[in-house]
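Here's the structure, in C-alpha cells; my notes come after.
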Amino acid sequence: MQLFKNQTLKVSNSLTGKKEVFKPIKEGYIGMYVCGPTVYSNVHLGNCRTFMSFDMIFRYFRHLGYKVRYVRNITDAGHLENDADDGEDKIAKKAKLEQLEPMEVVQRYTVDFHETLQKFNFLPPSIEPTATGHIIEQIEIIKEILEKGFAYERNGSVYFDVVKFNETHDYGKLSGRKLEDMIANTRDLAAQDEKRNPQDFALWKKAEAQHIMRWPSPWGDGFPGWHLECTAMSTKYLGENFDIHGGGMDLKFPHHECEIAQAEASNGHSPVNYWLHANMLTLNGKKMSKSTDNNIYPNEIFSGDNNILSKAYAPSVVRFFMLQAHYTSILDLSDDALLASEKGYYRLMDGLKSLADVPTSPTTDFDIKAWQQRCYDAMNDDFNTPILISHLFEAIKHINLIKGGKESISENDKALLQRIFKDFVFEVLGLENPQQSDNNSETLSGVVQLLIQLRNNARANKDFATSDKIRDELAAMGVQLKDGKEGTTFSIN
RNA sequence: GGCAUCGUGGCCGAGUGGCUAGGCACAGCUCUGCAAAAGCUUGUACAGCGGUUCGAAUCCGCUCGAUGCCUCCA
C-alpha cells in the first residue's frame, strides 16, 4: 500500500526555518539518520523523548508505505569531556571511575539503552552502527578534508578550519549564527590552544600516554573528534546526500552545524535535505540533563521509586503523555500532567476495547471516511500527534454513544473503524494495549465474569450489601466494574 | 553579552487573521438501588502596553518573564 501517493506531508525543516512539503530524493524511499546516545550512563527520560519522536516519525513513514532506512548510531568512543580535561573522553573517564574496561562500560549502558527503548515499544532502527566500528571511515574523511585545505594538523591533532571554510561556504546556516558574531562574542579563556581560531573544532585528537581508547592514524595514535562519527556513518549508510537528519534541539549547534561543514568540506555536497529537531523535555521547568542532576530515569518512573512523582506510571502512559505534545514544543514533566495523561490513556483504551462488542445497525451516524482523513491531515501537518489524539477521542465519544444505544454503526463501518484505530493507535503512535500484555488475562477475565454474575444475582435479590462488597473489593484490587445498558463490563488498571 | 524559541482558561496542551481543539480537574443534569462508567450542559483563556486591520491569541514594535544554544549533553 503506497499511501504516500495520496497524502501530502509537511515537515518543519530547521535548515530553512519553514514547514515544507516533504519530497524524498527517490520516490518511495527515505534515508533517515538520528544522533543516538553516548553510552556512558543510563539513558534518561529526556533522551527517550527525542528517540520517541523519531520512532513515531519512522512509524508514520512506514505506515504510509515508504521503505525507510533508519540509522541511529551508538556513540561508544566518547566525546571530549571539555577543554579543561584536555582530551580525556567520557567513556574512559567513567571506566576509570568504576574500574572497568571502557568496552565494559559501553556494553553495560548499551544493554540498558536497548532494554529501556523496548519497554517504550520503540521499533529498532534499520542499522545501529557504532563509532568505534567506523574509525577507518572517519580517518578517510579527515584525509579528504585535509586535501581540500579545510583542515590543518598540529602536534598529532587535526582541526577543522572554520574561518577558511566560511570564506567559500556558510558556516552557521543551520543554527542561524554568523561567524563574525561568534568571533566577536568569544569568551577568550586561556588562549592555550593549538587551534588557529577558537571556533575551529577537532577532527582528530592526539592521545596522551594515559589515554586508554586510542587508534593509529597518519597523524599518530589518537581518537576521532566530537562531530565526525555522524558524518562518517551517515555518509556510509545513506550516501553523500540523504533525506532526513534528526536529533535533539541541543545538538543543532555546534554538532549538526559541524556535520554540515565536514560533509561540504570533504565531498562538496550539502548532506541533508530536511533537518528535524525534537525539542527538550523539562523537569521543574529546566532542561533534563545528566550533568546537572536534573533528570529522572525511565525505570524510576515505571517503579515509582523517585522523589518527584506520587506513583508509578506504565511505559505506555509515559509514551502517551509525550505524544500529547508536539515534538517541536518543549514539554514539562510533572505528576499532575502524568496523572491526567494516565486517565486519558485508559479512557482511550477502554473505548477502543468496547468497540469490539458494540452492536451494529444497517446505518452509521458518523462519517468515518472524513474522520479518517482528518487523522491523516493531522499527521501530515508535521506529525501533529496531539491533534491526531484529539480526533481519536472524538471517535471514542461516538463509540460510547453507540454503546449506549444513542447512535448506530454498520457492520462494515465497524470493521473499518477498528482497522483505522489499529493503524493509528498501535502502528503509528506505537501505544500498547494493556490487556494484551497480561498472560493470565483469560483466567482473570473468567474469574471476574463469575463475580459479576454473582453480583448481578445479589442485585436482583436486592442484596446490596453483597453486591457492593463484590464491587468495592474488586475496585480495591484495581478491577473497576462498569454497569452499562448492555450489561456489566470491567477494566483493570 | 550574542543568537534562537516561548509565554493560551484550575493543570497539561493544540491552534498563525474572522469558524467548538483535545485530555485532566471542577459544577449541574441524565442514567443507576447507591456509586462508578458513559452521555449532555456550563464556566473561567490567549503575559502587559501600543500599533497595523473592518476584524488579532494569531502580524509589527516595545516592556516584563521563562527556556535553550553559545562548553559534553536528546
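By convention in this document, chain letters (A, B, ...) are assigned in the order of the sequence lines, proteins followed by strands, and residues within each chain are numbered from 1. Quick note: numbers below take in every heavy atom, side chains included, and nothing from hydrogens, waters or symmetry partners.
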It should be established whether A:K287 places a side-chain nitrogen or oxygen under 4.0 Å from OP1 or OP2 of nucleotide B:rC69. yes
Closest to the side chain of A:R459, out of B:rU32, B:rC40, B:rA36, is B:rU32
Minimum-distance nucleotide to A:L281 side chain [options: B:rA74, B:rA14, B:rG23]: B:rA74
Go ahead and name the base partner of B:rA21; Watson-Crick or wobble counts if both distances stay under 3.5 Å, otherwise write none. none
Just call it for A:A340: base, sugar-phosphate, or nothing, with non-hydrogen atoms closer than 4.0 Å on any strand. base
Is any NZ, NE, NH1 or NH2 atom of the basic residue among A:D468 and A:R455 found under 4.0 Å from an Asp or Glu carboxylate oxygen of the other? no
For A:I260 and A:P271, work out which heavy atoms get closest and say how close. CA-CG, 4.1 Å
Integer angstrom distance from the C1' of B:rU20 to that of B:rU8: 16 Å
Pick base, sugar-phosphate or nothing for A:G285, based on heavy-atom distances below 4.0 Å to the nucleic acid. sugar-phosphate
Give one of base, sugar-phosphate or nothing for A:G404, where a contact means two heavy atoms less than 4.0 Å apart. nothing
Answer for the Watson-Crick or wobble partner of B:rU5, both distances under 3.5 Å, is B:rA66
Are A:R177 and B:rG2 close enough that a side-chain N or O sits under 4.0 Å from OP1 or OP2? no
Report which part of the nucleic acid A:L339 touches: base, sugar-phosphate, or nothing (heavy-atom distance under 4.0 Å, all strands). nothing
Mind checking A:G484 for me? I need base, sugar-phosphate or nothing, with any heavy atom below 4.0 Å counting as a touch. nothing
Can A:K287 and A:D250 be counted as an ion pair, charged N to O under 4.0 angstrom? yes
Taking the same atom, P, in B:rU44 and in B:rC59, what whole-Å distance lies between them? 25 Å
Expressed as a whole number of Å, how far does the C1' atom of B:rG17 sit from that of B:rG23? 27 Å
Value in whole Å for how far the P atom of B:rG13 lies from CG of A:D382: 18 Å
Quick one: look up who B:rG39 pairs with, Watson-Crick or G-U, both distances under 3.5 Å, and put none if it's unpaired. B:rC29
C1' atom, B:rA37 versus B:rU67: distance in rounded Å? 41 Å
Select one nucleotide: of B:rA14, B:rA74, B:rC70, the one nearest the side-chain heavy atoms of A:P254. B:rC70
A:N400 side-chain proximity, nearest of B:rG39, B:rA14, B:rC73: B:rG39
Taking the same atom, C1', in B:rC46 and in B:rA56, what whole-Å distance lies between them? 11 Å
Please tell me whether A:Y376 and A:F424 form a close aromatic pair, meaning their ring centres lie under 6.0 Å apart. yes
5' priority, RNA chain B, between A:A325 and A:A278 [closest heavy atom]: A:A325
Does B:rG15 have OP1 or OP2 sitting under 4.0 Å from an N or O in the side chain of A:N384? yes
Euclidean distance for P, B:rU16 against B:rU5 (whole angstrom): 16 Å
The side chain of A:K397 lies closest to which of these nucleotides: B:rG39, B:rA37, B:rA21? B:rG39
Here's a test for you: under side-chain contact (heavy atoms from CB on, under 4.5 Å), which of A:R108, A:E115, A:H114 qualifies with A:V111? A:E115
Given B:rG39, B:rG23, B:rA14, identify the nucleotide with an atom nearest to the side chain of A:F393. B:rG23
Out of B:rG39, B:rA35, B:rC69, minimum distance to the side chain of A:R471 belongs to B:rA35
With C1' as the reference atom in both, quote the distance from B:rU53 to B:rU58 in angstrom, rounded to an integer. 13 Å
Under a 3.5 Å limit on both distances, the Watson-Crick or wobble mate of B:rA14 is none
Could you let me know what B:rU58 is paired to, Watson-Crick or G-U wobble, both distances under 3.5 Å, or none if it's on its own? none
Does B:rA4 have its OP1 or OP2 closer than 4.0 Å to a side-chain nitrogen or oxygen of A:K252? no
For A:E342 and B:rA25, give me the distance from atom CD to atom P, rounded to whole Å. 11 Å
Mind checking if A:S467 touches a base, just sugar-phosphate, or nothing, with heavy atoms under 4.0 Å? base
Report yes if at least one side-chain N or O of A:S334 is closer than 4.0 Å to OP1 or OP2 of B:rC11; otherwise report no. no
Side chain of A:K343, heavy atoms from C-beta onward: which of B:rC73, B:rC12, B:rA25 has the nearest atom to it? B:rA25
Taking NZ, NE, NH1 and NH2 as the nitrogens, is one of them in A:D423 or A:R59 under 4.0 Å from a carboxylate oxygen of the other? no
Give the nucleotide from the list B:rA37, B:rC69, B:rG13 with an atom nearest to the side chain of A:L331. B:rG13
Need to verify one output field. Residue with the more 5' nearest nucleotide on RNA chain B, A:H398 or A:S341? A:S341
Any side-chain heavy atom of A:K482 sitting closer than 4.5 Å to one from A:D350? yes
Please state whether the phosphate of B:rG39, meaning OP1 or OP2, lies under 4.0 angstrom from any side-chain nitrogen or oxygen of A:R347. yes
Checking contacts here: which listed nucleotide (B:rA14, B:rA74, B:rC34) is nearest the side-chain heavy atoms of A:D483? B:rC34
Spacing of the C1' atoms in B:rG1 and B:rC19 (rounded, Å): 45 Å
Complementary nucleotide of B:rC34, counting Watson-Crick and G-U pairs under 3.5 Å: none
Would you say A:K286 reaches B:rU67's phosphate, i.e. side-chain N/O to OP1/OP2 under 4.0 Å? yes
Is the distance from the ring center of A:H398 to that of A:F393 below 6.0 Å? no
Contact class for A:G172 vs. all strands (heavy atom < 4.0 Å): base, sugar-phosphate, or nothing? nothing
